[in-house]
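Report on one structure; see the data block that follows.
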Amino acid sequence: MGIIGGIWTAVAMQPMINILIVMSSWLFGSFGLAIIGLTIVVRGLMFPLTIKQLRATKAMQSLQPKIAELQKKYGKDNKDKLAKEQMRLYKESGVSPAGCVLPMLVQLPVWIALFWSIMRVLAITPEQFLGLSQYLYSWPVVYSVLPLSNEFIGLNLAEGNILLAIVVGCTMWAQQKMVVAPSADPKQKAQSQMMLWMMPLMFGFLSLTLPSGLALYWTVSNGITIIIQYFVTGWGGLAGLIARKPSIRDKLAARKPPVTDNLVARKPSIIDKLIAWRPSIRDRKYKERIAKVEEAPSADAGIAEVSSAQEEQSGYEEPGDKQQDSGGGHLARLKAIRRQPRKGKGHRRKRV
Amino acid sequence: MWIKHNKVLLGKALFLLVILLLGGVTVLGCLPGGQPEGWPGGVVADNTLFVGSMKGKLVALNKSDGSRLWEVTLETARESSGFGCASEITEAPIYGTPVLDGDLIYAGGYNGKIYAISWSKRAREWRYPSGEGDYLQPIVGGVVVSGGKVYFGCSDGKVYALDAGTGDWEWEFQTGDKIWSTPAIDGNTLYIGSFDKKLYAIDTTTGEEKWSEPFETEGTIASTLLVYDGTVYIGSFDRHLYAIDATSGEQIWQFPVDDEAENNPGNWFWAKPVIYNNTIYAGNLDGKVYILNAGTGAEVVDAIDLGSPISSSPVLAGNSIVVAAEGGVVYAIDTASNEQKRLVDLEEKVFASLFTSDGVVYVHTDEDSLYVVDVQTGAIQEFNIR
C-alpha cells in the first residue's frame with residue numbers, strides 16, 4: 001500500500017468503516033439502518049458544500065440565455081471576444097463556473113469513501129471479511145458486533161434487489177430531471193437528455209447486480225439530494241410533472257372556442273340577464289322620446305325635438321317603468337313614428 | 001482560459017464524475033475479494049500432492065517434479081458476463097483444505113456442495129446435496145473425516161455429518177449463526193466454533209450437544225480450532241486465545257488476561273494454532289506470532305512480529321514452525337530458541353493453510369502457484385496448478 005493509499009485508509013476508510021459498525025451497534029444491530037444513518041450524517045456534513053454547488057449551478061443556468069445571446073452575437077468566428085464577454089458576464093453576475101465543479105469534487109472523495117466503506121463492511125466473500133479486519137479499531141464494540149447481519153426489512157443487503165434497483169433508477173432520474181435546465185443549444189440539450197437517462201439506467205443496472213446495501217445508500221442519498229434541491233432550486237424540470245393536472249373545464253376554457261360554440265347559446269345567468277336588460281343608448285333615446293311624447297300637450301303634435309343635451313342628461317329607466325307606461329296609446333304612436341321611413345340617405349329628417 | 005470553455009469543462013466534469021463512480025463500481029470484480037476465489041490448501045499421499053486450485057479444481061501433482069497427473073473440476077465453470085474483469089467465474093471456489101481418506105478426496109465448495117473425488121477413478125464419486133439445483137449455503141471451512149463419516153460446517157449455521165462412502169445424510173446440528181470454522185474431532189466428540197461467538201461440543205454418533213452449554217466468547221469464532229491432550233485451543237475475533245477443557249467446556253485460561261495491557265494482540269486470531277513441546281504458536285492478523293505456554297497461557301517469549309497479517313495456518317516441519325505472512329514472506333521459527341528465520345519472500349499473497357512433507361513446506365498463493373519451500377535453506381520450487 002502506497003503512501004496515498006495509507007493516507008486514504010487512515011483518514012477516510014477506517015473512520016467511516018468503524019463509525020458504520022458502531023452505528024450499526026447503536027441502531028439495534030441493523031446494518032440497513034446504519035447505512036441510512038451514516039448517509040444522512042455524511043450528507044448533513046456535506047450540506048454547505050451541496051448548497052453552494054446547487055446555488056452556483058442555478059446561477060449558471062440563469063445566465064444561459066445571456067450566454068446564448070453572446071454566442072449568437074459572436075458565433076464561432078470570434079471566440080476570443082466571446083470568451084471575454086462571457087468572462088465579463090460571469091464577473092458582473094458574480095457567478096463562477098468553478099463554483100459548480102469544486103464543491104462536487106470536494107464531496108466526491110467522501111462519497112467514494114462511504115461507498116467503499118459500505119462495500120467493505122458488507123464483507124460478502126471470505127476474502128472481503130478477512131480484509132475488513134485490517135480496517136478495524138480496537139474498540140470492543142467493533143469486534144463484538146461483527147459480523148453484521150445483512151438482513152434488513154426483508155432484503156438481503158448482500159444481494160441485488162430488483163425493487164431497490166427500480167427505486168434507485170427512479171430517484172436518480174428525478175434528481176437529474178430537477179437539475180436539467182432547458183437549453184436552446186441542441187448539443188447541450190442532447191447531452192442533458194443523455195445524462196438524464198444514462199445515469200438512472202446505469203445505476204439501476206448496478207443496483208441490480210451489486211449488493212443492495214449499496215442500492216440502499218444510493219436511494220437515501222438521492223432522496224436527500226432531491227429534498228435539498230427542492231429547497232434550493234425548486235422542482236426544476238420536475239415542476240411540469242408535479243403541477244396539478246388540468247380539469248376538462250380548464251382545458252375548455254383554454255382552447256379557442258369553435259364556431260359552433262357561438263351557435264349553441266348557453267343558459268344565461270342572472271348577471272347575463274341583468275346585462276341584457278341594460279338598455280342601449282338607442283333604447284334610452286327611444287324612451288326619452290317616448291317620455292317627451294307623453295308630456296306633450298297636444299296629442300297630434302309631431303315629433304318633439306330633443307336636444308343632444310337632453311339626451312345626455314336623460315337617465316336610465318328601470319324596466320318596471322316601461323311596464324307602467326305601457327297602458328295608453330303612446331307606445332302605439334311611438335311605434336308609428338319609428339316605422340316612418342327616413343327621407344334622404346343618411347340624413348335626419350329636419351325637425352321643426 | 002478554462003472559463004472560455006466552461007460548458008465543455010462542466011460537461012467533462014460531470015462525465016468524469018459518472019465515469020469515476022461507474023468505473024469504481026465496475027472494477028469491483030477485479031479487486032481482491034470482489035469475487036470468491038478460495039484459498040485451498042493441500043494434502044500429500046505417497047508421491048502425490050492433492051491441491052485445490054482457485055479455479056474450483058482438484059489437482060493431483062507429482063510430488064517430485066510437480067507434473068500434473070490429473071485434475072477434476074468440481075463444477076463446470078461458466079464464462080463471465082463481461083461485467084468486471086474476471087474471464088470466467090469459478091463455480092465452486094474451495095476455501096478448506098481437501099482431506100484424503102482411502103480412495104476418496106473430500107472438498108467443500110463455496111457453492112454449497114461437498115464433493116468426494118475418487119483417486120482411482122479420477123472422477124467424482126458423489127456430491128452432497130446431490131440434486132443439480134440443490135445447494136447448501138456457502139461452505140468455507142474444511143471437512144473432517146472420522147469413523148466413516150464426513151463432518152463439515154456450513155454458512156447456514158449447521159454442522160452436517162454424512163456417510164463418507166455414499167454421501168448420505170446422517171445428522172445435522174444447528175448453531176446460532178454461520179459456520180466458517182473447520183471442525184476438530186477428538187474421540188467421539190466434534191468441536192466447532194460459530195459466528196454466534198460460541199464453541200460447541202457435539203457427539204459424533206448422535207449429533208447431540210455434549211456440554212451443558214456451549215462455551216461463549218465475546219467475538220465471532222471463524223478460526224480452525226486445535227484439540228490436544230484434552231484441551232481445546234481456539235482463537236476468537238475478540239482478540240483472545242482460549243484454552244477450554246475438552247470434557248467439561250470450562251475455560252482453563254485465556255490470553256491475554258489483562259485486556260488493558262500494552263502489548264495485547266491487536267487483531268483477530270484467524271489461523272489455526274500449532275502446538276509443540278507444550279508451547280502454543282498462534283498467528284494473529286496483527287502480524288505477530290504469539291508464543292504461549294500451553295498449560296498456563298503465559299507468554300513464553302515476546303511475540304514475533306512478521307509485519308504482515310497471518311491468516312494462513314502455520315505448520316510444524318522438523319523442529320521449526322513455518323509461518324507465511326499474508327504479504328508472502330515465509331519464516332521458520334526455531335522451536336528450541338523461539339527465534340525466527342526469514343526463509344523466502346514469495347512476493348505473492350498467502351491465505352491458504354500450509355502443509356508439509358519430508359522437510360519441505362508447500363505454500364499455495366493467491367496467484368494459484370504452489371511453492372515448495374525447503375525449511376533448511378529457503379530454496380523454492382514453483383508448481384503451477386492454474
Side-chain angles (χ1 to χ4, degrees), chain A residues 57 60 64 67 71 79-80 82-84 86-87 90-91 96-98 100-102 104-105 108 111-112 115-116 119-120 123-134 136 138 140 142-147 149 183 185 187-188 191-192 194-195 198-199 202-203 205-206 209-211 214 218, chain B residues 1-7 9-18 20-22 24-26 28-29 31-39 81 83-84 93 95 110 138 140 177-178 180 195 197 217-220 222 236-239 259 264-268 270 285-286 309 311 326 351 366:
Chain A
T57 308
M60 279 292 289
Q64 286 308 309
I67 289 170
Q71 284 171 336
K79 284 188 174 178
D80 290 338
L82 176 64
K84 278 181 185 174
Q86 283 186 357
M87 204 187 297
Y90 290 141
K91 204 171 181 182
S96 166
C100 304
V101 182
L102 287 180
M104 192 195 296
L105 290 178
L108 200 57
W111 293 342
I112 291 171
F115 171 88
W116 277 107
M119 200 67 202
R120 286 278 178 198
I124 299 156
T125 65
E127 288 90 343
Q128 288 174 335
F129 195 70
L130 191 57
L132 175 64
S133 68
Q134 299 307 308
L136 303 179
S138 58
V142 170
Y143 59 71
S144 65
V145 78
L146 283 175
S149 170
S183 173
D185 183 0
K187 200 175 172 184
Q188 199 178 350
Q191 198 179 36
S192 302
M194 193 177 71
M195 290 295 290
M198 191 183 77
M199 290 277 280
M202 285 300 287
F203 274 81
F205 174 70
L206 290 173
T209 52
L210 292 174
L214 296 172
W218 282 326
Chain B
M1 191 66 185
W2 67 276
I3 292 175
K4 176 181 171 184
H5 303 294
N6 64 84
K7 277 168 69 178
L9 183 80
L10 284 173
K12 281 182 179 173
L14 211 55
F15 272 113
L16 183 69
L17 172 67
V18 175
L20 274 173
L21 284 171
L22 298 185
V25 169
T26 307
L28 279 176
L31 296 174
Q35 293 284 343
E37 292 182 323
W39 50 58
S81 62
F83 189 68
Y95 286 92
Y110 190 74
V140 178
D177 208 333
K178 282 191 271 193
W180 282 10
F195 270 43
K197 306 174 185 176
T217 70
E218 289 184 25
T220 287
S236 167
F237 283 12
D238 65 6
R239 301 166 188 230
D259 287 343
N264 279 351
N267 215 313
W268 305 340
W270 180 283
L285 290 179
D286 66 0
S311 51
E326 196 178 288
F351 301 103
D366 69 335

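Each chain gets a letter, A, B and so on, in the order the sequences are listed, and its residues count up from 1.
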Heavy-atom distances under 4.5 Å only: say whether [X] touches chain A with side chain, backbone, both or neither.
| X | value |
| --- | --- |
| Lys197(B) | side chain |
| Phe237(B) | both |
| Asp238(B) | both |

Any Glu218(B) side-chain heavy atom under 4.5 Å of Pro140(A) side chain: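 Counting from C-beta outward, Glu218(B) and Pro140(A) never come under 4.5 Å.
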Any side-chain heavy-atom pair of Leu206(A) and Leu214(A) under 4.5 Å: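 Result no, sub-4.5 Å side-chain heavy-atom pair not found.
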Atom pair CD (Glu37(B)) and OH (Tyr110(B)), whose distance is rounded to the nearest 0.5 Å: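 Interatomic distance, Glu37(B) CD to Tyr110(B) OH, rounded to 0.5 Å: 12.0 Å.
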Any donor-acceptor pair under 3.5 Å from Ser138(A) side chain to Gly266(B) backbone: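 Between the backbone of Gly266(B) and the side chain of Ser138(A) there is no qualifying donor-acceptor contact (under 3.5 Å).
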Heavy-atom pairs under 4.5 Å with chain B, option from Ile124(A), Val142(A), Leu136(A), Val145(A) with the top count: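 Greatest number of close heavy-atom pairs with chain B: Leu136(A).
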